[in-house]
Amino acid sequence: MSATRDDELSFDEFDEEHYPRSKTTDFQTISTTVMSRRNFLGSSAKFGAAAFIMGTTSLSGLAGCGFLTKDFEEVEANSHDTITVPDGYQWHVVSMWGDPLWSNSLPFDPETRGTAESQALAVGDNNDGMSLFEENGTLILVSNNEYVNQGIIYGNRESKKPETDDDVRKGMAGHGITVAEITEQDGKWSIVKDSPYNRRITANSPMEITGPARGHAMMKTTADPSGVLALGTWNNCGNGQTPWGTYLTCEENFNGYFSSSDDAYQPSSELNRYGVGNKDWGYAWASVDDRFDISKNPNEPNRFGYVVEIDPLDPNSTPKKRTALGRFKHENAELVVAENGHVVVYLGDDERGEFLYRFISSEKYYEGENNRNLLENGTLYVAKFNDDGSGKWIALTPETTGMASQAEISILTRQAASSVGATTMDRPEWVAVNPNRAEAYLALTNNKNRGKKPNAGGDPTPVGGPNPRAENHYGQIVRWRPANQDHTSDEFSWDLFLVAGNPSVHNDDYAGSDNINTGNMFNSPDGLAFDDSGFLWIQTDGNYSDKDDFAGMGNNQMLIGDPVTGEIKRFMVGPKECEITGITWSPDRSTVFVGIQHPGEKGNSHFPQGGEAVPRSAIIAVSRDDGTALS
Ligand code: FEO
Ligand code: CA
Ligand code: CA
């Protein structure tokens, strides 16, 4: 995330400043690990991404080998205020923040930037993860609207902040999910207004609480004394898609919307662990609804931080919060059906020093049967990586954690994971599962605190294993292979697919792994997805200053990686001050839909309309000039 709230602060930085966490770090442990890791790294020239721990030669039947070297000319890094794609490719805008979904919606007004009423009937702000669904030939694009750019949506206000109740409600309506039918005409994709599928889900839409936490005492509030119905979802970051036709949306920085009207209020340590405190991030939601005031409703934050399952084909369906998948700052939800039929979901918690999780369903998936409640019950695990390239999944149960119940583990998942000694990671972002083999990839975007500060729970963050550099501001991608090619195995082996860095500035570990060079370098990998051919698309949300440590990297971008050879090529560069996030393909694979989030978040973009236009987050369609399939 790189939204501005105290202008230049990231979400984590804001939390650290306003809610200082435990300062207790086991420096002895850290320095010991630093030393041994340095020795280990010193024995090999660099990380050597091609040096698989497990050997790669068994990759057979992989379609499209060689695609990367012959298929497109790598795009150069740049700081232009537009999209750059390779020669032979083209792009256009499919939808933008504020585009009307119905013919009675008001068109986007660049002067007022909309009202609560117009925003509720229009595409939300800051599109993030997305998936495409098909029913009888109709295509339905579902996309997250992670947060709102206050400096832009309140750009009509002197303060650039919400000044009226309607402003606050406009912000609430800009969050959530946009469901919209799309169609292609004359080579251009656009939204079909008034489609019966069109729907906005916002911070006020009713959601059923399911799974272990349903009805638990910690989930009960004045407005919902039974703890079974929450209102809304927000900060919906990455996503997932199930084989039974539903969409998964992931609640990430849910904490930044709560505040206290009583300055003297002391939030519990449980709230503190999740960054919930007396000050919000400027959204002012508590000014229109007391449920966001933690001094009055201390349990309300316990109802957020989940994965929510939505049926996009039924606009009247009630979304379901799947508490069995745990409560944390969820990034995405990568679902794979294991060979034994159990559903496995990989889940990252995006905060410095937090963890990687895995859910396994209790029941099995049977194609064509009713699989609708598979995410209701199961076991949640957390990952422990060993320095020798092995790792294991630790089940989070009352027995392993000492916690009272599965419900408590579902609500206080971070505390559960800390109690079993899981590996503190460099901000787990998206996970993507390779369609060609039992193997998963995780973007670890960056962590300036690595080796310096504990996580929010006081767990040390030693340098080593999949987090090999102190003060890591470039990020890396770790991958693991479950034992016996079985995603339900409790053992795995891992290596680093790439370690980002800047070889034009550094000649040590900060230069990155061998597959990073001055032609393809980037920082802060975030979005990850495999295409049908088994290539890994990598999206970035990093430092776009193009200066100092980041010189030569330009704007945020999208690259394609070959999991077999380790080759990485830059496919696209975004406009100024954007993040590239969210990706899905048309059924014929001739179009890839890509999310351009927060262009001009610091005031320096007019993307996509140009001229003096207000910058607007957008979903774009990229295709080959000749219209042939991309993957
Ligand atoms: Fe919403 Fe971790 O990115
Ligand atoms: Ca991000
Ligand atoms: Ca992200």
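The analysis underlying the following values was restricted to heavy atoms, covering all of them including side chains, and did not include hydrogens, waters or symmetry mates.
Partner of Tyr441 under the ring pair (Phe, Tyr, Trp, His ring centres under 6.0 Å) criterion, out of Tyr346, Phe497, Trp494: Phe497 alone.
Residues Tyr154 and Lys170 are in side-chain contact: their nearest non-hydrogen atoms beyond the backbone lie under 4.5 Å apart. With a 4.5 Å cut-off on side-chain heavy atoms, Ile209 and Leu229 do not count as touching. Between Asn127 and Asn144, the closest side-chain pair of non-hydrogen atoms is not below 4.5 Å. The closest side-chain heavy-atom distance from Tyr474 to Phe522 is not below 4.5 Å. The shortest side-chain heavy-atom distance between His175 and Asp125 does not fall under the 4.5 Å cut-off. Between Pro398 and Ile409, the closest side-chain pair of non-hydrogen atoms falls below 4.5 Å. In this structure, the side chains of Asp263 and Asn278 stay at 4.5 Å or more apart for every pair of heavy atoms. A heavy-atom distance below 4.5 Å is found between the side chains of Ser617 and Pro599.
Taking the charged nitrogens against the carboxylate oxygens, Glu376 and Lys320 have no contact shorter than 4.0 Å, which rules out a salt bridge. Salt-bridge formation is not detected for the pair Lys329/Asp349: no Lys NZ or Arg NE/NH1/NH2 atom is positioned less than 4.0 Å from an Asp or Glu carboxylate oxygen. Between Arg291 and Glu300, at least one side-chain nitrogen of the basic residue sits less than 4.0 Å from a carboxylate oxygen of the acidic one, meeting the salt-bridge criterion. Using a 4.0 Å cut-off between a side-chain N of Lys or Arg and a carboxylate O of Asp or Glu, Arg322 and Glu309 qualify as a salt bridge. The pair Asp224-Arg303 counts as a salt bridge, with a side-chain nitrogen and a carboxylate oxygen less than 4.0 angstrom apart.
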Worked verdict on Glu429 versus Leu444 for side-chain contact (heavy atoms from CB on, under 4.5 Å): CA-CA 6 Å; Glu429 302 266 12; Leu444 294 164; over 6 Å; no
Take Glu439 and Arg481, measure what salt bridge (Lys or Arg N to Asp or Glu O under 4.0 Å) needs, and give me the verdict at the end. CA-CA 5 Å; Glu439 179 181 77; Arg481 292 182 188 158; 2.6 Å; yes
Can you check salt bridge (Lys or Arg N to Asp or Glu O under 4.0 Å) on Arg214 and Glu208, steps first, answer last? CA-CA 9 Å; Arg214 179 182 169 87; Glu208 188 184 346; 3.2 Å; yes
side-chain contact (heavy atoms from CB on, under 4.5 Å) between Met403 and Leu412, worked out: CA-CA 9 Å; Met403 290 169 75; Leu412 301 176; 3.8 Å; yes
Assess the residue pair Ser260 and Asp293 against the criterion (side-chain contact (heavy atoms from CB on, under 4.5 Å)); give the C-alpha distance rounded to whole Å, side-chain angles, the decisive distance to 0.1 Å, and a yes or no. CA-CA 5 Å; Ser260 169; Asp293 184 339; 4.2 Å; yes
Stepwise side-chain contact (heavy atoms from CB on, under 4.5 Å) test for Ile477 and Leu498: CA-CA 5 Å; Ile477 296 178; Leu498 68 81; 3.8 Å; yes
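Counting only distance, with no hydrogens or angles, the side chain of Thr202 and the backbone of Ala173 share no donor-acceptor pair below 3.5 Å. The backbone N or O of Gly475 sits less than 3.5 Å from a side-chain atom of Asn472, completing a donor-acceptor pair. Not a single donor-acceptor pair under 3.5 Å links the side chain of Asn455 to the backbone N or O of Glu354. With hydrogens and angles disregarded, no donor-acceptor distance shorter than 3.5 Å links the side chain of Ser259 to the backbone of Lys279. Put simply, the side chain of Thr540 gets close to the backbone of Gln557: a donor and an acceptor are under 3.5 Å apart. Of the possible donor and acceptor atoms, none in the side chain of Asn386 sits under 3.5 Å from a partner among the backbone N and O of Asp388. A donor-acceptor pair under 3.5 Å links the side-chain atoms of Asn299 to the main chain of Lys220, judged by distance alone. Thr323 places a side-chain N or O within 3.5 Å of a backbone atom of Thr210 that can act as its donor or acceptor partner. A distance-only check finds a donor-acceptor pair linking the side chain of Asn523 to the backbone of Asn543 [under 3.5 Å]. Between the side chain of Asp387 and the backbone N or O of Gly465, at least one donor-acceptor pair lies under 3.5 Å.
Looking at every heavy atom in both residues, Arg414 comes nearest to Tyr357 through CA-OH, 3.8 Å. The shortest non-hydrogen separation linking Leu396 to Val420 is CD2-CG2, 3.9 Å. Residues Ala443 and Asp526 come closest through the heavy atom pair CB-O, 3.4 Å. Between Ile538 and Pro525, the shortest heavy-atom distance links the atoms CG2-CB, 4.0 Å. For the residue pair Tyr274 and Asn255, the shortest heavy atom distance occurs at O-CB, 3.2 Å. Between Arg469 and Tyr510, the shortest heavy-atom contact is NH1-CA, 3.7 Å.
Between Glu577 and His598, the side chains place no donor N or O within less than 3.5 Å of an acceptor N or O (distance only, hydrogens not considered). Inspection of the Ser418 and Arg273 side chains reveals an N or O donor paired with an N or O acceptor under 3.5 Å. Side chains of Gln597 and Glu146: a donor on one and an acceptor on the other come within 3.5 Å. Side chains of Tyr544 and Glu601: a donor-acceptor N/O pair is present below 3.5 angstrom, by distance only. For the 3.5 Å distance criterion, the side chains of Ser524 and Asp541 fail to qualify, holding no donor opposite an acceptor. For the 3.5 Å distance criterion, the side chains of Asn236 and Glu251 fail to qualify, holding no donor opposite an acceptor. There is no side-chain donor-acceptor pair under 3.5 Å between Asn297 and Thr221. Asp459 and Thr424 share no donor-acceptor pair across their side chains, judged by distance under 3.5 Å alone. There is no side-chain donor-acceptor pair under 3.5 Å between Asn446 and Asp426.
To the nearest 0.5 Å, atoms CG (Leu248) and CG (Leu375) are separated by 6.0 Å. Here the CD-CG distance, from Glu331 to Asp350, works out to 5.0 Å after rounding to the nearest 0.5 Å. With rounding to the nearest 0.5 angstrom, the CG atom of Leu374 is 9.0 Å from the CG atom of Leu335. To the nearest 0.5 Å, the span separating OG1 on Thr233 from CE on Met207 amounts to 5.5 Å. Interatomic distance, CZ of Arg327 versus OG of Ser410, reported as 11.0 Å (0.5 Å rounding). With rounding to the nearest 0.5 Å, the separation of CE in Met218 from CD in Glu270 is 6.0 Å.
The environment of NZ in Lys392 is sparse: at most 12 heavy-atom neighbours from other residues, nucleotides or ligands sit within 6.0 Å.
Not less than 6.0 angstrom separates the ring centroid of Phe254 from the ring centroid of Trp234.
Considering only residues two or more places apart in sequence or on other chains, Phe355 meets the ring pair (Phe, Tyr, Trp, His ring centres under 6.0 Å) condition with none of them.
Using bins of under 30°, 30° to 60° and over 60° for the plane-to-plane angle, the ring pair Phe492/Trp393 lands in the tilted bin. Aromatic ring orientation, Tyr283 versus Tyr257: parallel (interplanar angle below 30°, classes split at 30° and 60°).
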